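Worth saying up front: this structure is predicted, and the values here are computed from it rather than measured.
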Amino acid sequence: MIHGADGPHSVIATGLHSILEPEKRKVLAFADGRQEAAFFAWYVEKSYEMLRNRSYFLEVIKRAGSGGDGLSVSDLCSLLADEYARRGVLGPAATHAEIMRAAGAAALSEILSTRSRISLEGVGLVRWEIKRPPWIKPPAVFTDPPWHLSQEVAWHLASLLFDTARSDGAVRWPEDPRNPISWRDIGTEIRQHWYTSGAPRSRGAQKSWAGRFTRRTIFLAKVYEKLRGAPSDVARAEAEAALYRLWVDAREHDLAARKDSFFVQGPEGVALNLAWWRFYPVEKVDVVYVCDTCGQVAAVDTFGICTRPRCWGTTRVVPLQELPEDHYRALYQCQFPGEFRAEEHTAQLAAKKAQQYQKDFKEGRIHLLSSSTTFELGVDIGDLDTVFLRNVPPQPFNYVQRVGRAGRRPGQPGMAITYCRRNPHDLYHFARPDRILSGRLEHPPVTSLKNTKVILFFQMWDKAEPEPADPGLGVVTRTYIVPVFGFVTGRQLPQEPRRRPARQYTTRPYFAKALGTDTESVAMPSNGKPLIFLKKAFPGRMVELCEGRRKTQFWICPVCGAGIPGERTYPGKHLDPYGQQCSGVPERVSLAHEFETDVVEVRFLMPWWPAARDAAWVEHTGAFRVAQVPSRAPSVEPVAMLNDSEGWRGCVWLTVS
């Protein structure tokens, strides 16, 4: 069971497509809603294109080998176009110009990738190098005092600084007049920018090369601080001055270029010419550089310093073969079929188009069909082997109908994969899958509310222990209940909505208790004086609390099961579902559902932390986040909380020593 939505679903669907036999590459994906099914068809196709393009990008680089001058941007575009043609990515009717344009856009999309952690560079499979133009001399600013670097090391440091132009979008690439590629074609989130040596005049199009808060200045200051042991303010000033001199000297040398200049003059400033970049594969015998704090992987030496602006970690040399297993690193080295087409099949389609999609899927021209409930009954789609259920269906009969779409031919067994989300319904069946796998209805789909015992049956809930108060964090003590079968509602019909409903109820995570035993502690950073002690992950019980509108909670009657939105004062008398006065006394509670997740304990060695806030549970979502340090403790460095897996959700236990 994995937390998430379209991301994990896409991984499963594309993985199935890549391992199925060519004549059986058909996956039927089910979702309960039309909108969800329609969006997934688009999302999974885009995700597959990204994985396939990176796989082909890596393959052509490996085929060229690590020797020689490496591959230029033009080389990559040409070789990737040949791979596209060989694999039939765009189909047999595609022209050479169309293939060249699509391959070029894919190559540039990878070179200018915004998701550095899952790019080919970020997982340690590709490295880059900037070839020094012969008319540009090794930067004297780094060979002269106070830097005193050799010419080779000085150019390597300058290359690291020039390479930041890719993430800034301040680059230009060699253009083929017959197949021009624009920024819009490559689909990157990076906007095109131009460098200026002074303060930017236009915030939308210009960036400062030597600004005080640019990533170049921060990185160069860290390098100077490490090499010369200078204070941080002195290092920052020296970095700004060195960057400005590097820019002026290189621009002056580049005036001698007759062709393929290193700098490209544009309407708003200067960009760097990507024609001088070279790309190489990282071989199994090579090493990479891993930050000991945030875990970022770099394929080039960065002077033992992490290049992330907000990370103060140091890098260590690690052989590629000794890196921990990474899902994307393994995925990019797989073989991906060239063709992949995903379409939706929902009630919002016109009947003629829906029939055409059904026919194309049956005949193998559509590889993934994202369907709502429209495919549950009365549909025969031929020799389908694989069904992917993106959530646990509402009832056992829904499950039977959906998985029954596969394996309908003699001698052809079907396979059904069910993904359980972190909601009460899916978790209920994940704990006991036999309930839905049996195909038997435990309760009738229609219930008459004429018997008070039936009403009481629907009032069942688990009442949990009160949530402990923590005045230091401003958390108020709450009592919450976990609904088992929901609540009884009134008999009146709901009004037709006149506008999009606003989200009125907020939720927050809360930690209930640890379910595992103590695990081993690891000091971070491992060298020098540690700032934190980190315990390895162990299972814990999390609660997702819903506290109602503006945290006023809910009034729930234990007698009739009536639920009343929270108010600041007691609501007084209320009516039961039959419209009669109820004698029950409502209780003020929050609603919640519970689930298990991975927990990591982080013990901070920070004596200045207030005593009232010496422990807290916080939710940590995303791949990487930095714990901010209050201004009253300037001598304490920021501490990074790390999780390498995309779409992961867990908790961090904060304590202080």
Side-chain angles (χ1 to χ4, degrees), residues 50-84 103-104 106-134 136 138 151-167 171 173-174 186 260 262 272-291 296-304 306-307 315-323 326 328-335:
M50 181 269 290
L51 296 173
R52 180 197 62 199
N53 291 342
R54 284 181 172 158
S55 174
Y56 293 175
F57 189 102
L58 179 63
E59 191 169 332
V60 298
I61 287 185
K62 283 185 173 181
R63 199 176 296 153
S66 57
D69 275 345
L71 294 179
S72 67
V73 175
S74 298
D75 294 335
L76 284 169
C77 293
S78 178
L79 292 174
L80 201 57
D82 293 341
E83 192 72 13
Y84 270 33
L108 288 168
S109 176
E110 178 59 23
I111 293 170
L112 302 176
S113 175
T114 56
R115 305 180 69 184
S116 58
R117 280 192 174 272
I118 63 172
S119 66
L120 290 170
E121 290 180 66
V123 299
L125 293 176
V126 169
R127 64 182 178 90
W128 59 268
E129 186 179 294
I130 299 179
K131 182 179 179 181
R132 182 171 65 86
I136 294 184
Q151 291 187 357
E152 183 180 354
V153 176
W155 176 250
H156 178 66
L157 178 56
S159 297
L160 292 173
L161 300 172
F162 287 137
D163 188 62
T164 58
R166 287 195 290 155
S167 58
V171 294
W173 49 84
I186 63 179
D260 295 332
F262 190 65
L272 275 67
N273 189 354
L274 275 178
W276 293 99
W277 266 253
R278 299 292 183 266
F279 297 90
Y280 303 82
V282 178
E283 306 290 351
K284 292 183 178 180
V285 295
D286 292 338
V287 297
V288 292
Y289 305 86
V290 183
C291 177
Q296 176 175 265
V297 178
V300 294
D301 184 15
T302 56
F303 292 83
C306 182
T307 57
T315 60
R316 55 190 176 89
V317 180
V318 179
L320 181 64
Q321 292 181 318
E322 295 182 12
L323 280 179
D326 182 88
Y328 288 98
R329 187 185 304 115
L331 204 59
Y332 298 152
Q333 299 179 80
C334 295
Q335 294 293 324

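In this structure, Arg278 CZ and Glu129 CD are separated by 9.0 Å, a value rounded to the nearest 0.5 Å. Separating the CZ atom in Arg166 from the CG atom in Leu108 is a distance of 11.0 Å, to the nearest 0.5 Å. Rounding to the nearest 0.5 Å places NE2 of His156 at 16.0 Å from CD of Gln151.
At distances below 3.5 Å, not a single donor-acceptor pair connects side-chain atoms of Arg63 with backbone N or O atoms of Leu58. A donor-acceptor pair is defined here as one N or O able to donate and one able to accept, closer than 3.5 Å; no such pair exists between the side chain of Ser109 and the backbone of Ala106. A distance-only check finds no donor-acceptor pair linking the side chain of Arg117 to the backbone of Gly122 [under 3.5 Å].
Trp276 and Asp260 share no side-chain donor-acceptor pair at under 3.5 Å. In the model, Tyr332 has no side-chain atom that pairs as donor or acceptor with a side-chain atom of Asn53 under 3.5 Å.
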When you look at Val171 and Asn273, which way does the side-chain contact (heavy atoms from CB on, under 4.5 Å) test go after all the steps?
CA-CA 6 Å; Val171 294; Asn273 189 354; over 6 Å; no
Quick one, Tyr280 with Leu71, criterion side-chain contact (heavy atoms from CB on, under 4.5 Å). Give me CA distance, side-chain angles, the key distance, then yes/no.
CA-CA 7 Å; Tyr280 303 82; Leu71 294 179; over 6 Å; no
Test side-chain hydrogen bond (donor to acceptor under 3.5 Å, both in side chains) on Asp75 and Ser78; report intermediate values, then the result.
CA-CA 5 Å; Asp75 294 335; Ser78 178; over 6 Å; no
Yes or no on side-chain contact (heavy atoms from CB on, under 4.5 Å) for Ile130 and Phe262, after CA distance, side-chain angles and deciding distance?
CA-CA 10 Å; Ile130 299 179; Phe262 190 65; 3.9 Å; yes
Could you walk me through whether Ile118 and Arg54 satisfy the side-chain contact (heavy atoms from CB on, under 4.5 Å) test, starting with their C-alpha distance in whole Å, then the side-chain angles of each, then the deciding distance to 0.1 Å, before giving a yes or no?
CA-CA 10 Å; Ile118 63 172; Arg54 284 181 172 158; 3.9 Å; yes
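Nearest approach of Glu110 to Glu121, heavy atoms of both residues: OE2-N, 4.5 Å. Ser55 and Cys334 make their closest contact through OG-O, 2.8 Å (heavy atoms, listed as atom of the first residue, atom of the second, distance). The two residues Cys77 and Gly104 make their nearest non-hydrogen contact at SG-CA, 3.6 Å. When all heavy atoms of Thr302 and Thr307 are compared, the pair lying nearest together is CG2-CG2, 3.6 Å. Residues Arg127 and Pro281 approach most closely at NE-O, 4.3 Å, considering heavy atoms. Scanning all heavy atoms of the two residues, the minimum distance from Val123 to Val297 falls at C-CG1, 4.4 Å.
When side chains are defined from C-beta on, Ser72 does not count as touching Lys131, because their heavy atoms never get closer than 4.5 Å. Between Val287 and Val318, the closest side-chain pair of non-hydrogen atoms is not below 4.5 Å. Contact annotation: the side chain of Ile111 never approaches that of Trp173 to less than 4.5 Å [non-hydrogen atoms, C-beta and beyond]. In this structure, Gln296 and Cys306 have side chains that are in contact, with non-hydrogen atoms separated by less than 4.5 Å. Side-chain contact check for Leu76 versus Phe57: some heavy-atom pair is nearer than 4.5 Å. At least one side-chain heavy atom of Leu125 sits less than 4.5 Å from a side-chain heavy atom of Gln333.
Between Trp155 and Phe162, the ring-plane angle classifies as tilted under the 30° and 60° cut-offs.
Ion pairing of Arg52 with Glu83 is absent here, as no side-chain N (NZ or NE/NH1/NH2) approaches a carboxylate O to less than 4.0 Å.
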